[in-house]
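Taking it in order: structure first as structure tokens, then the write-up.
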Amino acid sequence: MRPIRPGDRGPAVTEIRTILTGLDLLSAAGPHDDEFDLDTERAVRAFQQSRGLSVDGRVGAETWRALDAARWRLGARTLYHAVPEPLTGEDVRSLQERLLEMGYDVGRADAIYGIRTSRAVAQFQREVGLTPDGSCGPHTMNALRRIGRKVVGGRPQWLRESDAIRQSGPALVGKTVVIDPGHGGTDPGMVVPDGSLRWTEADLMHDLASRLEGRLAASGVRVQLTRGPSPDSCLPDTDRALLANSLGADVFISLHLDGHANPDAEGVATYHYGTDNGVTSATGERLAGLVQREIVARTGLRDCRTHAKTWELLRLTRMPAVRVEVGYLTSPTDRAQLVDPRFRDRVVEAIVAAVQRMYYPIERDVPTGSLDVSELRAVVAAGTVVD
Ligand SMILES: [Zn+2]
């Protein structure tokens, strides 16, 4: 769908404005409530910022889904585990965050009322003496309000994710890594002409992904790319996440390049799942930190740090997932490096080292930049012997 943008008019704009007004981001609608004016754009930007979406002031598919889900405030409707089309919305997310804070196992606060959320609600109901039917209606809401916000400390999903990693042992052999070269097909991503050449994010990231695939496969890792070099169409991020889930991937790495109108903007940044109020994927955050530090140490790209985002790609993936923006294609400095295959090999080494370090117990971790990935097999073998 074409994004709804400033200057547009019509019933869709009225609807967007109504939701934004309900969220207190926009003052009550005036006579021109079907007009996407400057105030609407400001409100859309504020909304996108608060939800960790790309801030462009337009309502595309992802922002629309987030707006649609944001209509629901916790307590406004009864929540239950609906099959096959589960309930989703901001109220589900609020409930999940409350349950997580209280130490109940809902998995990730993904705004989807699935079986785990339903089980966690049933457990809560049992403990407060309600019928454990797993649905959240007025009685359960009252019980939640009575208990109030007491944070138990130690979010259970952090512990569980890192437990799973500890149990899987230090070896990369047999792990499944899904690599996601961004864009592709009808969507080239960032495009920068350079003399007679034309650099595109989609092509450069596919090349990087293929190199990474080769290095990981040589270490005994099962690798799957989300797309080929020139697909017919561009796979949406939701499908990429679901693909990784269906493959039972252990790690998901999405590769992108950044771009900016200002050619001075440069550097590498890594994103993991998380919200502004501190709900995060601990293993995703750790992987992001490792990838970011290894790339900075091995390439000298400017450090634009790691950031928590609720992008669908990161939210829907059930394994540690990161999106790396490996430099700015619009920066002459970054671009000169990115178009050099030897540089891309250094990025590959950095990512392989980071993935390897994910599977080292913290106490056996090694300093950033020190892992020689060309001897990965030996390192892995040595690690296995110590175990
Ligand atoms: Zn991109």
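As a basis for the values below, the full set of heavy atoms in this structure was taken, side chains included, without hydrogen atoms, waters or symmetry mates. Whatever order the structure lists them in is the order used to number ligands and atoms, beginning at 1.
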Closest to the Zn ion (ligand 1), which N/O/S atom of [X] is it?
X      : result
His256 : ND1
Glu201 : OE2
His183 : NE2

Tyr271 ring center within less than 6.0 Å of His307 ring center:
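When the ring centroids of His307 and Tyr271 are compared, they turn out to be within the sub-6.0 Å range.
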Below 2.8 Å, any N, O or S contact between Asp258 and the Zn ion (ligand 1)?
no
Hydrogens and angles aside, do Gln48 and Thr63 bring a side-chain donor and acceptor to less than 3.5 Å of each other?
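Judged by distance alone, the side chains do pair up.
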For His183 and His256, does a side-chain donor sit closer than 3.5 Å to a side-chain acceptor?
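Present: a donor and an acceptor within the cut-off.
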Tell me, yes or no, whether the heavy-atom count around Arg198 atom CZ, taken from other residues, nucleotides or ligands under 6.0 Å, exceeds 12.
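Open: at most 12 neighbouring heavy atoms sit under 6.0 Å from CZ of Arg198.
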